[in-house]
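Within every chain, numbering begins at 1; the chains are lettered A, B, ... in the order of the sequence lines, protein sequences first and strands thereafter.
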There are 2 protein chains.
Amino acid sequence: MKSRGMPTIGQRNRLQYIILGLLNQHPQTGYDLAKAFENEIGEFWQAQHSQIYPMLKRLEAAGEISHEDTVTGEKLAKKQYTLTSAGREKLVAWVSQPSPELTPSKDEFILKLYFIKTASDPRIQPMLREQYQLHQSQLHHLQQRQETVFPNQKAIDQAYGHYLILDHAIERESHYVEWLAQYLEK
Amino acid sequence: MKSRGMPTIGQRNRLQYIILGLLNQHPQTGYDLAKAFENEIGEFWQAQHSQIYPMLKRLEAAGEISHEDTVTGEKLAKKQYTLTSAGREKLVAWVSQPSPELTPSKDEFILKLYFIKTASDPRIQPMLREQYQLHQSQLHHLQQRQETVFPNQKAIDQAYGHYLILDHAIERESHYVEWLAQYLEK
DNA sequence: TTAAAACATGTAATTAATTACATGTTCGTT
DNA sequence: AACGAACATGTAATTAATTACATGTTTTAA
């Protein structure tokens with residue numbers, strides 16, 4: 001009793017919506033999308049090109065995006081994908097839908113701590129220090145990106161969504177670092 | 001050039017280690033493990049029983065755990081799994097290993113915000129309110145669990161790992177709620 | 001000029017994870 | 001006595017995601 005006229009793409013598949021959202025910002029190639037998952041989006045969703053290219057085909061087959069072939073230089077072929085009106089509708093519907101589930105998250109390090117039973121175990125402090133360094137350097141990286149990408153209020157207003165996402169990532173890392181510091185012995 | 005005498009279980013598979021860690025606390029059944037993924041562990045790792053039972057078989061075949069059949073009441077068969085010394089070694093090795101990667105995380109809601117381009121879009125505030133409620137109630141839930149499970153210092157000392165994990169979850173939710181509140185209009 | 005990095009696009013194979021299917025027992029409540 | 005919730009264990013089917021395979025072009029810096 002699964003399909004009642006539903007499309008082949010599973011309704012829980014969020015990658016498709018994220019791709020639609022990215023293409024709505026401006027037409028892009030699969031390669032560009034893959035870059036976005038490494039950069040601005042990467043803090044909150046990940047996808048490799050091997051997942052992206054097939055999804056672009058599915059979305060195009062479903063009539064939600066279309067592409068135009070362009071050539072760079074002598075013969076390097078690119079496919080610029082654009083949203084169709086059907087795709088835009090689907091995107092709007094997704095954004096408007098409530099998101100009532102807490103996203104499950106995974107943290108291997110925290111679990112390792114969990115399995116160490118006593119507060120005095122000598123392994124704890126080195127582990128905390130390692131994670132502190134890791135998250136501290138990630139925090140620095142994010143902060144530097146914020147400084148270069150959003151040097152003034154105008155830049156923020158022009159890419160508010162991007163600003164929000166980066167701000168959230170910075171806050172999250174910053175708080176993680178503080179939590180670690182709390183259990184670190186000086 | 002992939003396998004050079006390596007076991008069939010992929011080395012990145014963390015579920016196996018988590019199961020070893022849980023069994024190290026005390027012998028348990030697959031059902032008990034599934035409960036743990038809904039309760040104390042659930043904030044930082046998830047697994048369904050359909051993933052757990054096959055993994056128990058693989059771990060037993062690899063000689064890292066063993067089981068004892070017990071019967072409850074008239075005929076309800078249970079399998080109590082215990083770590084073998086090989087399993088305990090593997091667990092210790094995992095915990096001791098550095099965890100140098102930032103765990104990728106996914107957040108559908110933050111991405112939806114990202115795709116809304118202007119700060120004045122009327123959809124933003126209702127979305128923020130929905131998430132505020134969601135995370136606020138999750139926070140309450142976690143706080144109540146902390147109160148009941150860890151009413152005093154003695155309880156904390158006796159399950160320090162569990163305390164850490166719950167504390168981290170509470171801090172994370174609490175901070176998420178604060179971040180949302182910052183962008184909420186009163 | 002040449003080599004490496006970045007650009008660009010795909011498929012195949014494998015592994016992880018979810019959802020659905022499938023069955024039966026025990027305990028607590030009404 | 002009957003019913004529902006919780007206990008208990010598995011497999012099958014599907015989907016999502018990663019890793020590996022595979023190929024070629026363009027730009028940039030040494």
Integer-rounded Å distance: [N] [atom2] and [X] [atom1]:
| X | N | atom1 | atom2 | value |
| --- | --- | --- | --- | --- |
| M55(A) | dT11(C) | CE | P | 14 Å |
| R14(B) | dA16(C) | CZ | P | 10 Å |
| K57(A) | dT9(C) | NZ | C1' | 9 Å |
| Q51(B) | dA13(D) | CD | C1' | 15 Å |
| Y53(B) | dT19(C) | OH | P | 18 Å |
| K79(B) | dG10(D) | NZ | C1' | 8 Å |
| Q16(A) | dA17(D) | CD | P | 11 Å |
| E68(B) | dT9(D) | CD | P | 14 Å |

N or O in side chain of [X] less than 4.0 angstrom from [N] OP1/OP2:
| X | N | answer |
| --- | --- | --- |
| N13(A) | dT15(D) | no |
| K78(A) | dT26(D) | no |
| S50(B) | dA20(C) | no |

Please name all residues satisfying salt bridge (Lys or Arg N to Asp or Glu O under 4.0 Å) with [X], sequence neighbours left out, ordered by chain then number.
| X | result |
| --- | --- |
| E101(B) | R12(B), R14(B) |
| K35(B) | E38(B) |
| R123(A) | D121(A) |

Passing candidate, side-chain hydrogen bond (donor to acceptor under 3.5 Å, both in side chains) with E108(A), options Y17(B), W45(B), W94(B): W94(B)

Ignoring hydrogens and angles, write down the donor-acceptor pairs under 3.5 Å from the side chains of residues 159-167 of chain B, residues two or more places apart or on other chains.
unit_1: D167(B); atom_1: OD2; unit_2: W179(A); atom_2: NE1; d: 2.8
unit_1: D167(B); atom_1: OD2; unit_2: Y183(A); atom_2: OH; d: 2.8

Members of residues 36-49 of chain B that approach DNA chain C, where some heavy atom sits under 4.0 Å away: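 When residues 36-49 of chain B is checked for heavy atoms under 4.0 Å from DNA chain C, the hits, listed by number, are Q48(B).
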
All ring pair (Phe, Tyr, Trp, His ring centres under 6.0 Å) counterparts of Y176(B), not counting sequence neighbours: H168(A), H135(B)

For Y114(B), all residues meeting ring pair (Phe, Tyr, Trp, His ring centres under 6.0 Å), sequence neighbours excluded: none

Closest heavy-atom pair and its distance - E43(B), A169(B):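 Residues E43(B) and A169(B), closest heavy atoms: CG-CB, 3.8 Å.
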
H67(A) and Q80(A) side chains, donor-acceptor separation under 3.5 Å: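 Checked: Q80(A)/H67(A) side chains show no N/O donor-acceptor pair below 3.5 Å.
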
Pair K90(A)-Q16(A), side-chain donor/acceptor within less than 3.5 Å: yes

Rounded (10°) bend between the five-pair end axes of the helix from dT1(C)-dA30(D) to dT30(C)-dA1(D): 40°

Remaining members of hydrophobic cluster (4.5 Å side-chain criterion), V71(A):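 Under the 4.5 Å side-chain rule, V71(A) groups with nothing.
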
Between the protein and nucleotides 4-6 of chain C, are there any N/O to N/O pairs under 3.5 Å, and if so, what are the atom names and distances?
none

Stepwise side-chain contact (heavy atoms from CB on, under 4.5 Å) test for Q138(B) and L142(B): CA-CA 6 Å; Q138(B) 174 67 357; L142(B) 293 172; 4.1 Å; yes

Pairs where residues 139-160 of chain A contributes a residue and the test salt bridge (charged side-chain N to carboxylate O under 4.0 Å, His left out) is met, not counting sequence neighbours: none

Residue met sooner reading DNA chain D from 5', once D32(B) and P54(B) are mapped to nucleotides: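 That would be D32(B).
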
Contact letters for nucleotides 25-30 of chain C, in which S counts primed atoms plus P, OP1 and OP2 and B counts the base, heavy atoms under 4.0 Å: SS----

Nearest-neighbour nucleotide for the K106(B) side chain, dG10(D), dA17(D), dT9(C) considered: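 Ranking dG10(D), dA17(D), dT9(C) by closest atom to the K106(B) side chain puts dA17(D) first.
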
Worked verdict on I65(B) versus L20(B) for side-chain contact (heavy atoms from CB on, under 4.5 Å): CA-CA 8 Å; I65(B) 61 176; L20(B) 292 177; 3.7 Å; yes

